Structure formats: structure tokens, C-alpha cells
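For clarity, every value in this text was computed on a predicted model and none was experimentally measured. So that the names make sense, note that chain A is the first sequence line, chain B the second, and so on, each numbered from 1.
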Amino acid sequence: MMGGIHFAWIIPLLLGWTVLSLAWRSPKGILEKMLKAILALFLGLGLTSALYFILGSVKKSPMVLFGCEIMITCFLGIVLFWSSSRCRDVTGLTKFVSPEKCSRFFFWTAGLLLLLALSGFYFLVLEKSFGDWDAQAIWNMRARFLFRDMDWMHVFEIGAWSHPDYPLLIPASLARAWEYLGYENFTGSSVLASFFTFGTALSLGLALHILGRSTGGALAFMLLMGTPFFMIQGSHQEADVPLSFCYLCVFILLFLAEKKALSRNHFLTLAGIFCGMAGWIKNEGILFLTTASCGILWGSNYFKKKEDPSFPRISFFVGMLPFLILLIGFKVFWAPANDLFVKQSLEGLLTQMTDLSRYVQITKIFAAHLWHFGHGALVALVLYATLVGFSGDREFYRSWKISRNILMMTFAGYFFVYVLTPQDLAWHLDKSLDRLLIQLWPSFIFLVMMVFRAQVSKGDTISRRILEDDNCIKVSLLQKS
Amino acid sequence: LACLFLAGFACYSCVSWVREVLKSPSILNEVEMNETRYSPFKFHLQKVFHAGYLVQPSSQATKVTFHIYKKYILAQFALAPTILHFGAESEWIVFDGDPSCMAEMSSSFELVKNEGNGLGLFRRRK
């Protein structure tokens, strides 16, 4: 069964790649292919974990699971082949542009930093191969229940300390890998943790590069590698890192949707899928799912100009639907109620909502945590943004506005969770605030780098020109059709 | 200049945390130790969905401190999918406490497995 472990990663990669290819056909250049592959593996893990849960809940054997995964991948592959033979590919984004001198320096520095971070990460993983506290009590524990127990639905009977209402993307992905391997092996969880951590950083850098911000991409990558808490949380197999990855993917796809006018609805569907997947990772993802829906509904007003192609917001919700149905089913039929709501009465909620001292206390602690966040990483980023200034570039301003709104609403949502928490406020803030900030951190860096930029390097200009040329071709194709 | 500033900050921060990680003394992997300690119980608890967990004989009230709670979670992690509950209501009891208290436990429970150092698996007498 040792060879089976390779299938545990290859099948999600192929499945995710096929689903992504239905919208994003043939990426040009090695960096764009890398970005697509990272997103594909993440999406594939989400889809296969959902399938594992569904088949597990009707007690099918592992062989049925393997068969189903392969059948679905083949079916989507055929659909892709059939559709690509019918229509011309218009979704490639950029040709690979060799980084210019300025960005090349940062590019190589980022490479060195990656090697350094990998060595530190490796030591951390060796020390805590089973993950840290939360990973043991929640995610890896749940994976054991799923893998070891024939009647694993009684995992939901475990005490509230293990949060049995939490969604199952991470435990199901790990348990699924063990099914392929035939036995439990915590190297799998370390590999998964490495993928989520470095996948987030690489996606951030690569996305900025292909959107024409080469220098910003390298800087963003370095900044994330230099955020100690992010790397440590990642190595400790906490779910906040994959969740931050999922948020980032949604924003990247929203930007790509604006850039690719002709396949905007496809990219929005993909953004919707990732948004739904966020809810399948952790409960905070459900809040994000809500704020993203509001952001999309609200933001579609930005696309009402006559000269713009339409903004098919329905595509976003269609993409979100499969994971949303799964999530509703999970919450309604299997998971117990969330402990934050069980402990709370309506009167208690109203009292807390009208208690001004709580707002003051939360604001103070938020400010202190933001100031010290990442050993000053946030302050450094703000300083950088102030120095370079707002680019005034209106290239992506609508997707930027939508993303900004979503991020701000999510941040406000987190704030209100603390206002309403039945736990001791100081304790709850102390235990969880930094982890919540980590969830938003990669997306925040991405949005800052998209609008605050230093002088446009030659490499950036070339990338942008190619993007513009691509768009011109597409607009002329659209006019012809 | 701004780019250099940010890159410098990121490099410094990255080097600092990696240095800190490499400098820190390696800690004992408690989870791995517990896996070994509890592994003989797995055979007996294979078909048991619920079991009790005690650190003191059931006659004495136990205040669940952080240390006890941590031990309990490690035991639960090792013995999943059997669900452990604090208390002696279940037929099977995992005892992880003072070795001298094991004799007291034996009055109403049968000792099925004794792993030493106060770790034992008990079953209620019929």
C-alpha cells in the first residue's frame, strides 16, 4: 500500500486541475502553471474530503471511495477534452516574463528566504509531529475517529472541548490519505501542513507576479515567510493557515475574474467554490462565506458601467452551492450545536451587545495585538505602503474594492464574535485573536501589494503589456462573435 | 528604498525566528510517549465506544486541573475512537493516577491490564 500514498496526493491534484481547467484552460509559463497546480491541489483536497465524508456517512468501503474519485476525475477530464476541442482557449493570463533587475534581486532573496524558512519549518515539524494542542484535540483526533472507527458518526458525541461541530476538510483529508496508505502515519499531517503553509506563501507571490506586480510578489512572499506566528501555526498543523489560504484563493480568483473579461463567470464560479470550501475548513469560514456573499452582491454595482462586460454574480453563488449544501447537511444532520451559541441566551446576548465596556476592552486588545502582530510585520507593511503611496492605478480597482469590503466585513465580524462570546472575554481574546489575525494576514498583504506599489519596473510593464495585449485580442474576438 | 526596507525587515524577521527555533532545546514528545503507554489497552477497547477516565479512585472528588486535563486529552487522542468521560459510570475505566490508589480501585473493578506507574485498565465487576 506504500504506493497508495502517492495516489492520495495525485488524485486530488488531477481532480482539482480538471475542475480549474474548465475555467482556466492553459496557463502560460511555468509560474502560472505553478499557481494553478497549487490551487488545484487545494481544491482537489477539498473535493475529495467532501466525497470521503459523504461516502463514509453511508458506510461505503475505501475501495468504493477510490473508484468514485477516479471515475469523477475521468469524467471531468472527458468533459474538459470535449469542451476544449469546441472552443478556443482564451484564458491564459501571461507569458512568462523574466523578472527585471530590480525584481530579480528580490526574487533571488525570496528564494534564499524560502530555503531558510523550510529548514526552520522542518525542525518545528520534527518537534511536534502530531501537531500542537488544537491539532491533537481537534483535527488529528477527528482524523483518527474517521479512520479507525467503522461507525465513526459517534465522533460527534465527544465533549465540547473538542468542538465536534467543526467542519471536516482537514481531518477527512488526513484520514483519506491514511486509507490510501493502509495505516496511520503522521508524516501525512506534516506534509499537509507544509503544503498549506508554503502553498499560501507561494500563491501569494505567484498571483501578484502574474497580475503584474513582480516586485510586490517577491516582497509579499518574503513578508509572509518572515511572519513567525504564521510559520509556527502552520507547522503546528492549526486550521487557521489553510483557512487563510482559502481566503487568499478567493481574492486571487476575484482579481483574475476582473482581468479576464471573457471568462469572468468561470473565474467567479471558481471563487465561489473556494468560498464554500472556506466554510468546510473551519467555523470562521462560514462567517467569511456570508461576508463574501454580501461583498459580491454589494460590489456588483461597481460593474454597472456601460462599456464593461457583465458581472455575473450568480456564477459566484452557483460555485458556492455544492459546499454550501454539504455544510448545511453537516450542521443540520450531524454536528451538535456550537458551544458559543449553546451557552448563550437572548437576554445575555442583548446585555453584551449594549455593554460599551466590552467594546472598549476589545478595541484596546485589538489595537495592542495589531501593533505587535508578527513582531511588527503589520507596522512594517503599513510603513511600506505609506512610503510607496497609492498607485492610483485603476486596473483592478473594482475587484480591489469588492475584496477590501469582504476583508473589512470579516474583520468586523470577528470583532462582533468577541462582543457576543459567552466565554471570559480577556481569556478568549488572549487565546484566539492572533490566530484570527493570521487568517486575514495573507489576503491583507495581497490587497496592499495590489494597490500600493513602487515605481513600475520594466518587468512589470512588460507583464502588464502582455496582459493588455491578451485583453485586446479577447475584446476583438468578442466583437467578432 | 521602501522595497529594500520591507525586504530587510522580512529577512531579519525570518532569520530571527529560524534562529530561535534552532536554538530552542528539543522537548520530549509527550504524545509519542503516551501512544506507547496506551497501546496495550487498544486491544481491549476495540469494541468499546465509551469508557471512564480517572486519576483518583471514584470515591474521591477530583478537581480537574490543567495538568489533569492535558493528560486526559492525550489519553483520548491515543485511545480514539473510544470516547473517554471523566468519572466511573462506564463499564471500562482507564486509570492514570497514583499507583498506591490502584488497590482501592480493585474493590469494585477488576484490573484487566496494569502498565505500571499508576496506569491501568479496569472493568466493572459483574
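Ion pair A:E184/A:R144 flagged as a salt bridge, since at least one NZ, NE, NH1 or NH2 atom sits closer than 4.0 Å to an Asp/Glu carboxylate oxygen. Salt bridge B:E91/B:K47: absent, no basic N to carboxylate O contact under 4.0 Å.
If you tally non-hydrogen atom pairs under 4.5 Å between each of B:A10, B:S16, B:A7, B:P81 and chain A, the highest count goes to B:P81. Contact tally against chain B (heavy-atom pairs below 4.5 Å) for A:L126, A:L383, A:L112: the top residue is A:L383. No other option in B:L74, B:L22, B:L84 has as many heavy-atom pairs under 4.5 Å with chain A as B:L22. Ranked by non-hydrogen atom pairs under 4.5 Å with chain B, the options A:A137, A:A377, A:A385 are led by A:A377. Contacts with chain B were tallied for A:L219, A:L387, A:T386; A:L219 has the most, counting heavy-atom pairs under 4.5 Å.
Smallest separation of non-hydrogen atoms from A:P164 and A:A335: O-CB, 4.3 Å.
Proximity to chain B (any heavy atom under 4.5 Å) is restricted, for A:W133, to the side chain, taken from C-beta onward. Contact annotation for B:E20: neither backbone nor side-chain heavy atoms come within less than 4.5 Å of a heavy atom of chain A. Contact of B:Q46 with chain A is not made at all, since no heavy-atom distance falls under 4.5 Å. Residue A:A218 does not touch chain B at all, counting heavy-atom pairs closer than 4.5 Å. Contact of B:F9 with chain A is made through the side chain alone, with heavy-atom distances under 4.5 Å. For B:K42, the part sitting under 4.5 Å from any heavy atom of chain A is the side chain, from C-beta outward, and nothing else. Using a 4.5 Å cut-off between heavy atoms, B:L1 does not touch chain A at all. Of the two parts of A:L224, neither the backbone nor the side chain holds a non-hydrogen atom closer than 4.5 Å to a non-hydrogen atom of chain B.
Residues B:Q56 and B:D98 have side chains that never bring a donor and an acceptor to within less than 3.5 angstrom of each other.
Looking at A:S162, its side chain never comes within 3.5 Å of a backbone N or O of A:G159 through a donor-acceptor pair.
For the ring-ring contact (aromatic ring centres under 6.0 Å, His included) test, residues two or more places apart in sequence or in another chain that qualify with A:F121 are A:F198. Residues passing the side chain to side chain contact (heavy atoms under 4.5 Å, CB included) test with A:D430: none are found, sequence neighbours excluded.
For the pair B:R125 and B:F109, the cation-pi criterion (under 6.0 Å, within 45° of the ring axis) is not fulfilled.
Between A:D434 and A:L437 there is a side-chain heavy-atom pair separated by less than 4.5 Å.
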